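Working notes, beginning with the structure itself.
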Amino acid sequence: MPTAAAPSFTPPPSRTPTPTPTPTFDRAAHSTTNPASPWIVVNKHHPLDPVDYAPDDLVTVSAGEQVRAEVADDLRDMLDAAADDGVTLTMQSGYRSYAYQQQIFGNMLGVYGREYAERLSARPGYSEHQTGLAVDLGGASKPACDFDPCFATTPEGRWIAEHVREYGFLVRYTKANQDVTGYAPEAWHLRWVGRSLTAHMAELGVTTLEETFDVDGGSDYR
Ligand SMILES: [Zn+2]
């Protein structure tokens, strides 16, 4: 008697679920050259284009200063969180127009001459403040340290160094990264980039947009 062919056996499809891939950060999600992009890289090699760019969604926050609408909520959360920790941060500067930056820089030139003015202030068209994504904060405990290197040693300056990334902000210019950014340390100048990017940069262990996106920088204007 012929042996009946053994019924072929097809294993059922594997029930092992496909593992969800670890979400990878999409570095191309936003432009680094469009001035309206949250990830725009502005430095002495990369002016805004157009040089007289102005955002169209500015909102007024505290002290009559303005920022882009997408910055305002994180800014409010950050100032509230600092207040909860007993730290009073004051809004010193937000959006600055091309024309206003021209005026500031012109005054600096007249008073200090080109070399020192260049160290204190950005040329018009090269300031992060013109994007509406940057703020300068001060502290209530020692107002004399506002815009001064001693701000870094105040309770407000220390709170900023420790916490602002949680709210999507970077301390853009630090002592450690000044060769990359081309600016002297400014413990009070914060640049909003959004929480996903600050988290990604923390994972990478980098503090500059230039290193994150492989964009050149430095202290010489190009
Ligand atoms: Zn600033």
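Counting starts at 1 for both ligands and their atoms, following the listed order. Here the structure is a predicted model, which means the values were calculated and not measured.
For the pair ND1 of H189 and NE2 of H129, the angle at the Zn ion (ligand 1) is about 100°; rounding is to 10 degrees.
Checking each of Q101, Q102, R96 against Y98 for a side-chain contact (heavy atoms from CB on, under 4.5 Å) leaves exactly one that passes, namely Q102.
L79 contributes atom CG, which lies 6.5 Å from atom CG of L137 (distance to the nearest 0.5 angstrom).
Taking the N/O/S atoms of D136 in turn, the shortest distance to the Zn ion (ligand 1) belongs to OD1.
Between W159 and H163, the ring planes lie tilted relative to each other; the angle falls in the 30° to 60° range.
At a cut-off of 2.8 Å, E128 is not counted among the residues with an N, O or S atom near the Zn ion (ligand 1).
Here salt bridge (Lys or Arg N to Asp or Glu O under 4.0 Å) pairs that include residues 165-184, with residues two or more places apart or in two chains, are E128-R172, R172-E210.
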